[in-house]
Amino acid sequence: MVYVMSSPGSNAEGAGVSLRNAVLLLCSLFIFHLGRGWARGLVEGNYLLGVVGLLLALAPVVWLLFVIREAYF
């Protein structure tokens, strides 16, 4: 059995990324990539698909900003 001791002054608990946030980040990157492709519809004249894609592309960015705000501010 191996025990890992941290120094009393270190704050190692807050340094890592939780598994839940890592999975959500990967899913949001996939959604961002999908939305970015659909947002190309705005240029091609398919406005409904373009607006939906734009919203899909912006949603993960907004979520990531909220995560950063909660973690550091």
Side-chain angles (χ1 to χ4, degrees):
M1 202 175 268
V2 176
Y3 293 102
V4 177
M5 300 288 291
S6 63
S7 64
S10 71
N11 188 7
E13 302 91 36
V17 176
S18 70
L19 180 61
R20 181 184 70 87
N21 282 347
V23 169
L24 286 174
L25 182 63
L26 285 175
C27 291
S28 67
L29 285 173
F30 174 74
I31 291 172
F32 174 76
H33 183 67
L34 180 69
R36 189 181 60 167
W38 285 0
R40 192 172 301 149
L42 287 172
V43 178
E44 297 172 353
N46 191 354
Y47 298 114
L48 180 63
L49 187 63
V51 169
V52 170
L54 189 62
L55 291 175
L56 274 178
L58 289 178
V61 173
V62 171
W63 173 77
L64 186 59
L65 289 174
F66 279 127
V67 169
I68 291 171
R69 188 184 76 182
E70 288 176 7
Y72 295 109
F73 299 106

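These numbers come from the heavy atoms of this one structure, side chains and all, not from hydrogens, waters or symmetry mates. The shown structure was predicted, so the numbers you read here are calculated from the model rather than taken from an experiment. Note that the numbering runs from 1 along the sequence shown for the chain.
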Transitive ILVMFWY side-chain link [X] to [Y], under 4.5 Å:
| X | Y | result |
| --- | --- | --- |
| Ile68 | Leu25 | yes |
| Trp63 | Tyr72 | yes |
| Val67 | Ile31 | no |

Apply side-chain contact (heavy atoms from CB on, under 4.5 Å) to the pair Leu48 and Trp38, showing each step before the final yes or no. CA-CA 10 Å; Leu48 180 63; Trp38 285 0; over 6 Å; no
**Asked** For His33 and Phe30, what are the C-alpha separation, side-chain angles and deciding distance, and is it a side-chain contact (heavy atoms from CB on, under 4.5 Å)?
**Response** CA-CA 5 Å; His33 183 67; Phe30 174 74; 5.6 Å; no
Separation between CG (Leu24) and CG (Leu19), nearest 0.5 Å, reads 9.5 Å
Shortest non-hydrogen pair, Pro60 vs Ser28, comes out as CG-O, 3.3 Å
Between Phe32 and Ala57, the two heavy atoms sitting closest are CD1-O, 3.1 Å
Side chain to side chain contact (heavy atoms under 4.5 Å, CB included) filter on Leu42, not counting sequence neighbours, yields Tyr47, Val51, Leu54
